[in-house]
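Beneath this line is the structure, given in structure tokens, with notes to follow.
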Amino acid sequence: MKSIFHFVAVALAAIAIFTSCGNQVSVKFREGATDPETGLACHTIVVVNPPKGLDWSVWFGMFRCAVNVQEGSTADVKHVNGTLYRLIPTEESADSIVVRYLSRPLPRLSWAPEGFSLQTADGKTVDIPVEYSFLPTETIPNFEYTKVEVAPYDIIPAVKKVEAGDESIALESKDWRAEAVANYHKVEGVPGYYRLTISKDGVNVEASDEDGAYYAGVTIDNIISNAGATVPAVQIEDWPDLPYRGVMLDVSRNFTTKDNVLKFIDLMSRYKLNVLHLHLGDDEGWRVAVDGLPELTSFGAFHALPVINEDGSISEPVALEPSYSCLYNSKDACSNGYYTKEDYIEILKCANAHHIRVIPEFDCPGHSRACIKAMQHRFEVTGDDSCLLYEASDTSKYMSVQDYPDNAVNVALESTYTFFDKVFASMVSVYAEAGAPLPSIHIGGDEVAHGAWLGSPACQELLVKLREDNPDGLSDTNLLKGYFINRMMDIADAHGVALDGWQEITQNIDTRVFNRLIDGRLGSVNIWSTIGSRETLPYKQANMDVPVVLSNVTNTYADLAYNHDRNERGHQWGGFVDERRAFSLLPFDLYRSVRWDDYGKIKDLSNVTEGKEVLVKKQNIIGVQVQLWTETIRNYDYVTYYIFPKMLGVFERGWNASPAWEGIGQSDAPEFMDDFNRFYSKVVEHEMPYYEANGICYRKRQ
């Protein structure tokens, strides 16, 4: 196995080769204007000072789109896989190689091709600089708000009851969270309840449990953060409305280091969040060590250019192919890295100390390319086929949402369940060693591409049995999906944990499998699809006794851009999400959770509930969660920029689920505007200065 440091050494050696003539190879990208008739734009890529001959190529990353190379170009562009592209010269030139191609207009400037890497015939590669030339852009201003005077105890999330005194109290600097937990007085109350009194007699904390005492300590810290060492006398009574208040951080697509995760956990605790959902396994990377399966990280946590075979297929002999940024040469590349066992234990201990539990996610049976390829590599190197996740004779043809034709584990192979049993066993052991709770493991269960498994002999053999007992009349794909979920429940049962999943895990499966899931084997389900007719899904599932964590794309997706300003990073497939949109989330009045459209036009919500699913089993809406998918993330500063202050409204709603404006159909009703103005004044007056003082990257008001 070649380490990532080998790739760095190769790259450094290549730099000398590619600059020996004194003219460094570079790339220029020019954005083309949109043709109003076709809706397409003609973009240009120029390779300056190209190598001699035609036996070289330039690799780069780009979100998948049609690339129609125009006549007169001196190179061709080929899509390889996922987000990986390759530029191949067709004519020799001493000055420049030019490609003009028709494609979609750039939705955001950050969607331009990136991560250019030059490769010669001997396989040596080097990253090459790129100069961008974009069309003029117009800055989109922030929404307006009315500033409200806020007191030091006006924090996020808002406390439920407050009585302020006239005195000022000097508080010494100490670990108030630990102090509160060590010295609180036990009282009756809901989980997380606390009563905090700051007076001339000192600080007194009463709480229903250690969580409540800890939250009292957080409140003290936040008041000090806002006021300094001298704070107003105050009595506060407070508690969380929802038991699950979380953030999903995707570290698979692009990696976030252990040290940065520890910083992020501390930030989470400022807002009394209690769940960190770590997306550890997906197509683009496997990010945590697993006992007995070193290839998951030695191969599946790193990236390198693939080998193009004579038949046009690709091989990945030392690491996964590059994705998204396409950067892989540097040990600091955001696509490389994983948590060792010791790293993960440190994360768990830190989270536990902050009263945050960590949910590990390994997305399967789709979204599983990293582990599939890692176990294939294991087999090729060792001959051990006990954990293979694919079948060599499988002829299934499919393309996943992220443009992979090979990312679904084979659900009919016994080796698949041997693999996941090892993963679960390793997680249970690591959590036990860390002294951290592990009530559930998230298995994703989403977005299996149409056509997966249908060309597998093993799956076809299994289907013969499954079709004989199919009372719900399910399709072959859904029969196989249900079989997989049932087998995963067996593994979870054996290890004493429940399963979590995305919304598809409970849909289109055998009724018997569904009933087994909700009979104590399902920790939570993240429901994200709240667009159009699917907005009723959270309430439909809750009414069927599914424990729902609201993960609405329309309110909680941090990777959606703040607005339609093309300078803003992020996606837009689900619209745009800013502070006002996040704050508008209503767990128990879901259909009124989007009060302005993506372009700031107010929406009429007076009749939006008519004919829609009514929430009957309110207790099954157990929480809210922010989602940060990292396809467009390139470093930790982007992680915090995407979340702060955009997602503070979701943190607010997890604690205070039913604001005074719940049930009001007028989007800009005085009740809403007054509440939002106070909330956003706290963001501007308290949170933004905190970010500035602590070096936290955030989005400033434009």
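Computation of the quantities below employed the complete heavy-atom set of this structure, encompassing side-chain atoms and omitting hydrogens, waters and symmetry-equivalent molecules.
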Checklist line | By ring pair (Phe, Tyr, Trp, His ring centres under 6.0 Å) - contacts of Trp111 (at least two apart) | finding: Phe63, His571
Note to self: Parallel, tilted or perpendicular, judged at 30° and 60°: which one describes the rings of Tyr557 and Trp573?
What the structure shows: perpendicular
Check: ring-ring contact (aromatic ring centres under 6.0 Å, His included): which pairs involve residues 390-409, sequence neighbours left out?
Finding: none
Check: With sequence neighbours left out, what residues match Glu579 under salt bridge (charged side-chain N to carboxylate O under 4.0 Å, His left out)?
Finding: none
Checklist line | Counterpart residues, ring pair (Phe, Tyr, Trp, His ring centres under 6.0 Å), relative to Tyr642 (two or more places apart) | finding: none
Next item on the list: Report the residues that fulfil ring pair (Phe, Tyr, Trp, His ring centres under 6.0 Å) with Tyr562, sequence neighbours left out, ordered by chain and then residue number.
Entry: Tyr641
Checklist line | Which residues share a side-chain hydrogen bond (donor to acceptor under 3.5 Å, both in side chains) with Tyr636, sequence neighbours left out | finding: none
Notebook entry, point to check: For Lys700, which residues count as a salt bridge (charged side-chain N to carboxylate O under 4.0 Å, His left out) partner, sequence neighbours excluded?
Noted result: Glu692
Next item on the list: Indicate whether the side chain of Glu321 and that of Trp59 have a donor and an acceptor atom separated by less than 3.5 Å.
Entry: no
Next item on the list: Indicate the ring-plane relationship of Phe134 and Tyr132, choosing parallel, tilted or perpendicular according to the 30° and 60° boundaries.
Entry: parallel
Note to self: For Asp363 and Asp446: C-alpha separation, side-chain torsions, deciding distance, then whether side-chain contact (heavy atoms from CB on, under 4.5 Å) applies.
What the structure shows: CA-CA 8 Å; Asp363 207 345; Asp446 61 316; 2.8 Å; yes
Check: Got a sec, which residues hit salt bridge (charged side-chain N to carboxylate O under 4.0 Å, His left out) with Arg699, two or more places apart in sequence or on another chain?
Finding: Glu568
Check: For Phe116, what residues pass the ring pair (Phe, Tyr, Trp, His ring centres under 6.0 Å) criterion, not counting sequence neighbours?
Finding: Phe60
Next item on the list: Taking salt bridge (charged side-chain N to carboxylate O under 4.0 Å, His left out) as the test, write out the residues that go with Arg566, two or more places apart.
Entry: Glu31
Next item on the list: Using distance alone, with no hydrogens and no angle criterion, decide if Asp384 and Ser386 have a side-chain donor and acceptor under 3.5 Å apart.
Entry: yes
Item checked: Carboxylate-amine/guanidinium contact Arg253 Asp282, below 4.0 Å -> yes
Item checked: With Asn563 via side-chain hydrogen bond (donor to acceptor under 3.5 Å, both in side chains) - residues at least two apart -> none
Notebook entry, point to check: With sequence neighbours excluded, what pairs up with Tyr339 under the side-chain hydrogen bond (donor to acceptor under 3.5 Å, both in side chains) test?
Noted result: none
Item checked: Pair Asn635, Asp637: side-chain N/O donor-acceptor within cut-off below 3.5 Å -> no
Notebook entry, point to check: Cut-off 3.5 Å, side chains only: do Asp403 and His79 have a donor facing an acceptor?
Noted result: no
